[in-house]
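Since we're looking at a predicted model, the values are computed, not measured. Counting begins at 1 with the first residue of the sequence.
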Amino acid sequence: MSFLKESVNRQPLADAVFAIAAKAKEDKELNGPEHVVDATIGSLYGEDGKLVALDTVYDSLKNMDNRVLAKYASSFTGNPDFKEHMYDWGLDGNSSLAHDVVATPGGTGAVAMGIDEFLEAGETIILPNIAWGSYKLMAQMDNLNIETYEMFDGDAFNLKSFKEVFEKVMVRQNKLVIVINSPCHNPTGYSLTDEEWAKVVEIMNECAKSVSVVLINDVAYIDFAYGQKAAKKYFRAFDKISDNVVVEVAYSLSKSMTSYGLRCGAAILLAQQQKTIDEIVTVFAKDARATWSNINNGAMAMFVDVLDNKPEEYNAERQKYVDLLQKRSSTFIKEADEVGLSHYPYKEGFFVTLNMDNKTRDAYHEALMANHIYTVKVNQGIRVAVCSLPVSQCQGLAAKMKKILDTVQ
């Protein structure tokens, strides 16, 4: 006899990232950290091996009145000043669409809210075939079916597969909900070009002649994109969406502010008509009230304070780590290309993913751990979190990994 609803997935949650990270920690304790490469957790670490927590962010938080930290937010959808700052910061003036913002517990909350409210149980969500695993878990918990588009056609975004999956799903339901994680795709580090985004909008508009279309654009890592402000110019492409298309930009302060545990993010909603936005916000507000009630008031106040009072200091401090991330990734990628270690097209971001079939991946993953190298398995690949590796460990790593790969192929 079960006390749970019949439709729920009862499989125990086994988070591959934390499980492998635990093994890496045991290896470090046994053999010393200098002998272990831990490329598992997707958080930013400094060259000292410690989690990065930006001083500008936490100086602001620590200087706040206790009552600001203790109080509820002023609205279930977030504080008005936070929402205004989030829209301005997030899109950086690159949209003229009708809009509103709903505060969420991290970028995860924004994605989850969209998946919860845009589709009925039994309908289908469209995901990339190589993706952050929690998308699939969210869909399972909402009893949704999943169709996947192929991420890549050579070194480019696979627009052909993207369109074909749309057409397949349109036959059986009157709405399309799609997730695109770009820029800084987790786990490959790919970012769509402006031209690719324009084609994506064209495809959505064509489909929107027959069905409603919702794009969930997960931009969790956007503030660590190497182009910085230029990385947000693609939002201009969304101005051409039709009346029957909605975009939800899922923003994460976990990455932007290195505030992982504060759980603050936002759903930035975009459409041609304000009435469309207002209808969605009405439902999102009720979802928020019924699920988490309020977002961390201190986190929202900190975000506003940093942008109002020390934006230059914040940008300079963050840029230092953007540059460090770029140095790490370029070191690994250059060597990987030199030794023939195949990887998916990488442009920017926290992760590089090696390209291989799943059977090879499984054997290779075990072989890497036997050699004190800890990574994360993803569909058709091995994810290497360069965000957490000092430059010294990035140097020579690709050659070591290629030598190990040659033993299992």
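Residue pairs satisfying the side chain to side chain donor-acceptor pair (under 3.5 Å) criterion with at least one member in residues 174-184, sequence neighbours excluded, are absent. Listed by first and then second residue, the salt bridge (Lys or Arg N to Asp or Glu O under 4.0 Å) pairs that reach into residues 269-296 come to none, sequence neighbours excluded. For the salt bridge (Lys or Arg N to Asp or Glu O under 4.0 Å) condition, no pair includes a residue of residues 238-250, sequence neighbours left out. Screening residues 379-403 for ring-ring contact (aromatic ring centres under 6.0 Å, His included) gives no qualifying pairs among residues at least two apart or on separate chains. Screening residues 329-358 for salt bridge (Lys or Arg N to Asp or Glu O under 4.0 Å) gives Lys334-Glu338 as the qualifying pairs, with residues at least two apart or on separate chains.
Between Met138 and Thr108, the closest side-chain pair of non-hydrogen atoms falls below 4.5 Å. Proximity of Ile130 to Thr188: side-chain heavy atoms (C-beta onward) are separated by under 4.5 Å at one or more points. Counting heavy atoms from C-beta on, the side chains of Val247 and Phe235 never come closer than 4.5 Å. Two residues are said to be in side-chain contact when any heavy atoms from C-beta on lie closer than 4.5 Å; Asp155 and Tyr346 fail this criterion. Between Ser191 and His185, the closest side-chain pair of non-hydrogen atoms is not below 4.5 Å. At a threshold of 4.5 Å between non-hydrogen side-chain atoms, the residues Val249 and Leu270 count as touching. Looking only at side-chain heavy atoms (C-beta outward), Leu61 and Val57 stay at 4.5 Å or farther from each other.
Qualifying ring pair (Phe, Tyr, Trp, His ring centres under 6.0 Å) partners for Tyr344, counting only residues two or more places apart in sequence or in other chains: Phe152. With sequence neighbours left out, the side-chain hydrogen bond (donor to acceptor under 3.5 Å, both in side chains) criterion links Thr148 to no other residue. Partners of Asp142 according to the side-chain contact (heavy atoms from CB on, under 4.5 Å) rule, which considers only residues two or more places apart in sequence or in another chain, are Ile115, Asp116, Leu144. Among residues two or more places apart in sequence or in another chain, the ring pair (Phe, Tyr, Trp, His ring centres under 6.0 Å) test is passed with Phe76 by none. Under the ring pair (Phe, Tyr, Trp, His ring centres under 6.0 Å) criterion, His99 pairs with Tyr87, sequence neighbours left out. With sequence neighbours excluded, no residue forms a ring pair (Phe, Tyr, Trp, His ring centres under 6.0 Å) with Tyr364.
Closest approach of Ile295 to Met300, counting heavy atoms only: O-CE, 3.6 Å. Across all non-hydrogen atoms, the minimal contact from Ser256 to Asp223 is OG-OD2, 2.5 Å. Ile280 approaches Leu269 most closely through the heavy-atom pair CG2-CD1, 3.7 Å. Contact detail for Ser242 and Ala208: the closest heavy-atom pair is OG-CB, 3.5 Å. In plain terms, the two heavy atoms of Thr353 and Val378 that are nearest each other are CG2-CG2, 3.8 Å. Ile382 and Arg361 get closest at one heavy-atom pair: CD1-CG, 3.7 Å.
Side-chain contact of Tyr314 with Gln319: a donor-acceptor pair under 3.5 Å is absent, judged by distance alone. Side-chain N/O atoms of Ser254 and Arg263 include a donor and acceptor closer than 3.5 Å. With no hydrogens or angles considered, a side-chain donor-acceptor pair links Tyr226 and Ser329 at under 3.5 Å. Looking only at atom types and distance, the side chain of His372 has a donor-acceptor partner in the side chain of Asp27 under 3.5 Å away. No hydrogens or angles considered: nothing links the side chains of Tyr251 and Asp218 as a donor-acceptor pair under 3.5 Å. Using a 3.5 Å distance cut-off with no hydrogens or angles, the side chains of Tyr234 and Asn94 do not pair a donor with an acceptor.
For the ring-ring contact (aromatic ring centres under 6.0 Å, His included) with Phe350, the lone residue among Tyr45, Phe224, Trp132 that qualifies is Phe224. Among Asn371, Val37, Val384, Val339, the one residue that satisfies the side chain to side chain contact (heavy atoms under 4.5 Å, CB included) test with Met401 is Val384.
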Checklist entry - Should Lys327 and Glu47 be marked as a salt bridge (charged side-chain N to carboxylate O under 4.0 Å, His left out) after you check the CA-CA gap, both sets of side-chain angles, and the distance that decides it? => result CA-CA 12 Å; Lys327 184 175 182 181; Glu47 290 295 279; over 6 Å; no
Item to check | Trace of the side-chain hydrogen bond (donor to acceptor under 3.5 Å, both in side chains) decision for Gln140 with Tyr135 | outcome: CA-CA 9 Å; Gln140 289 174 339; Tyr135 297 148; over 6 Å; no
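Using a 4.0 Å cut-off between a side-chain N of Lys or Arg and a carboxylate O of Asp or Glu, Lys199 and Glu195 do not qualify as a salt bridge. Salt bridge status for Asp100 with Lys83: present, with a side-chain N to carboxylate O gap under 4.0 Å. Between Glu366 and Lys377, no side-chain nitrogen of the basic residue sits less than 4.0 Å from a carboxylate oxygen of the acidic one, so the salt-bridge criterion is not met.
In this structure, Tyr260 OH and Leu262 CG are separated by 11.5 Å, a value rounded to the nearest 0.5 Å. For the atom pair CH2 (Trp89) and CD (Glu84), the distance works out to 15.0 Å, reported to the nearest 0.5 Å. The distance from the CG atom of Asn358 to the NE2 atom of His365 is 12.5 Å, given to the nearest 0.5 Å.
Remark: aromatic rings of Tyr149 and Phe157 are close, center separation under 6.0 Å.
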Please set out all donor-acceptor pairs under 3.5 angstrom arising from side-chain atoms of residues 387-397, sequence neighbours excluded.
residue : atom : partner : partner atom : Å
Ser388  : OG   : Asp38   : O            : 3.4
Ser388  : OG   : Ala385  : O            : 3.1
Gln393  : NE2  : Val36   : O            : 2.9

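Seen from the ring of Tyr321, Arg318 does not count as a face-on cation partner, given the 6.0 Å and 45° thresholds.
The aromatic rings of Phe162 and Phe166 sit tilted relative to each other, their planes meeting at an angle between 30° and 60°.
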